[in-house]
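What you see is a predicted model, and the numbers here were worked out from it, not measured in a lab. Within every chain, numbering begins at 1; the chains are lettered A, B, ... in the order of the sequence lines, protein sequences first and strands thereafter.
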Protein chains: 2
Amino acid sequence: MMDLLTRREEIILLSVWKLKDGAYGMSIKDHVSQVTGKKWLFGSIYTPLEKLLEKGYLISEKGEPTPERGGRAKVFFILTGEGLDALKNLQKIYEFLWDDIPALEVR
Amino acid sequence: MMDLLTRREEIILLSVWKLKDGAYGMSIKDHVSQVTGKKWLFGSIYTPLEKLLEKGYLISEKGEPTPERGGRAKVFFILTGEGLDALKNLQKIYEFLWDDIPALEVR
DNA sequence: CAAATATTCTCCTTTATCGAATACATGTAT
DNA sequence: ATACATGTATTCGATAAAGGAGAATATTTG
């Protein structure tokens, strides 16, 4: 073990996928905070993003600055084929792990 | 962030649940290795098990030694109500995260 | 005491967490 | 026009927690 995605890598990768062409640091931070119901800070976003770039699961692309007052240029992130494969691999493992756990669904 | 289960905690907690009254170090190790398709070592099992006890997600129970030649007594693990809640919480987050990701399902 | 099974321990690397510091673009007052 | 204020976004750095590998130790029976 274990070349599986870490928890944060999983959550961030899925967020990038969901946000499509609008995935950059801040929007990812907001999205994962909303989804998980907890407040995420910068460090918890940019560090794994960096790692995901290294692994080739994401690529980044410098965007234009916002035309509003203030607004440093965003860095957008896009899921690669390898990133998608990593998610598929995880999904397959989840099938085995979570399948046949009926008692959890009753509440 | 983040009081969410870590990846290993999740996998091990689910394995304990699946193995019912037969969950102890070695059987958990074999189960997670089989499910994830990777070889897990002792350190990757007993350390998080200890953590899960501390968190109250598991309780342990000393078993009888195996009647075969050799066989130190096993320590069995049982999921608590809190442990089940932690899994349910994770399951709920997965719903949001993984829902509406149709492209992943094609393969 | 030999052999088999199970767990504990130790060392080291990698992730995770938090928030201050910095960068960058634009509005505004002089 | 130019300095400074303001709003957005990212980089950095320090510390804590989790992950990873496998040797060492304990326990039980032949």
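- Summarising the geometry, the separation between CD1 on A:I45 and P on D:dT8 is reported as 18 Å, rounded to the nearest angstrom.
- Side-chain atoms of B:F76 and B:L19, non-hydrogen and from C-beta on, never get closer than 4.5 Å to each other.
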Under the side-chain contact (heavy atoms from CB on, under 4.5 Å) rule, what do B:E9 and B:Y57 come out as? Steps first, then yes or no, please. CA-CA 10 Å; B:E9 284 175 349; B:Y57 293 166; 5.6 Å; no
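- Across the protein-nucleic acid pair, A:F42 atom CZ and C:dA21 atom C1' stand 11 Å apart, rounded to whole Å.
- Backbone-only contact: A:G25 has heavy atoms under 4.0 Å from sugar-phosphate atoms and none from a base.
- The phosphate of C:dA16 has OP1 or OP2 within less than 4.0 Å of a side-chain N or O from A:T6.
- Look at NZ on A:K74: it is 16 Å from P on D:dG7, rounded to the nearest Å.
- Residue A:Y46 places at least one side-chain N or O closer than 4.0 Å to OP1 or OP2 of D:dT10.
- Here A:R8 reaches the OP1 or OP2 of C:dA16: one of its side-chain N or O atoms lies under 4.0 Å away.
- Each of B:K62 and B:E9 lies near DNA chain D, and the nucleotide nearest B:E9 is the one positioned closer to the 5' end.
- Side-chain atoms of A:T80 come within 3.5 Å of backbone N or O of A:G56 as a donor-acceptor pair.
- Listed by chain and residue number, A:E10, B:R7, B:Y94 satisfy the side chain to side chain donor-acceptor pair (under 3.5 Å) test with A:Y94 (two or more places apart in sequence, or in another chain).
- The side chain of A:L41 sits closest to C:dG19 out of C:dG19, D:dA9, C:dT5.
- The backbone N or O of A:L97 sits less than 3.5 Å from a side-chain atom of B:K18, completing a donor-acceptor pair.
- When the C1' atom of D:dG19 is taken as reference, atom CZ of A:R7 falls 14 Å away, rounded to whole Å.
- Distance from the side chain of A:R72 is smallest for D:dT10 among the nucleotides C:dA6, D:dT10, D:dG22.
- Contact annotation for B:Y24: backbone-only contact, meaning every heavy-atom pair under 4.0 Å involves sugar-phosphate atoms and none involves a base.
- Between C:dT15 and A:K51, a contact under 4.0 Å exists linking OP1 or OP2 to a side-chain N or O.
- The separation between B:I11 atom CD1 and D:dG20 atom P is 9 Å, rounded to whole Å.
- Nearest-nucleotide mapping onto DNA chain D: of A:T47 and B:P48, the residue sitting toward the 5' end is A:T47.
- What separates CG of B:D30 from P of C:dT5 is a distance of 12 Å, to the nearest Å.
- In this structure, B:I28 atom CD1 and C:dT5 atom P are separated by 18 Å, rounded to whole Å.
- Taking atom CG of B:L49 as the reference point, atom C1' of C:dC9 lies 15 Å away to the nearest angstrom.
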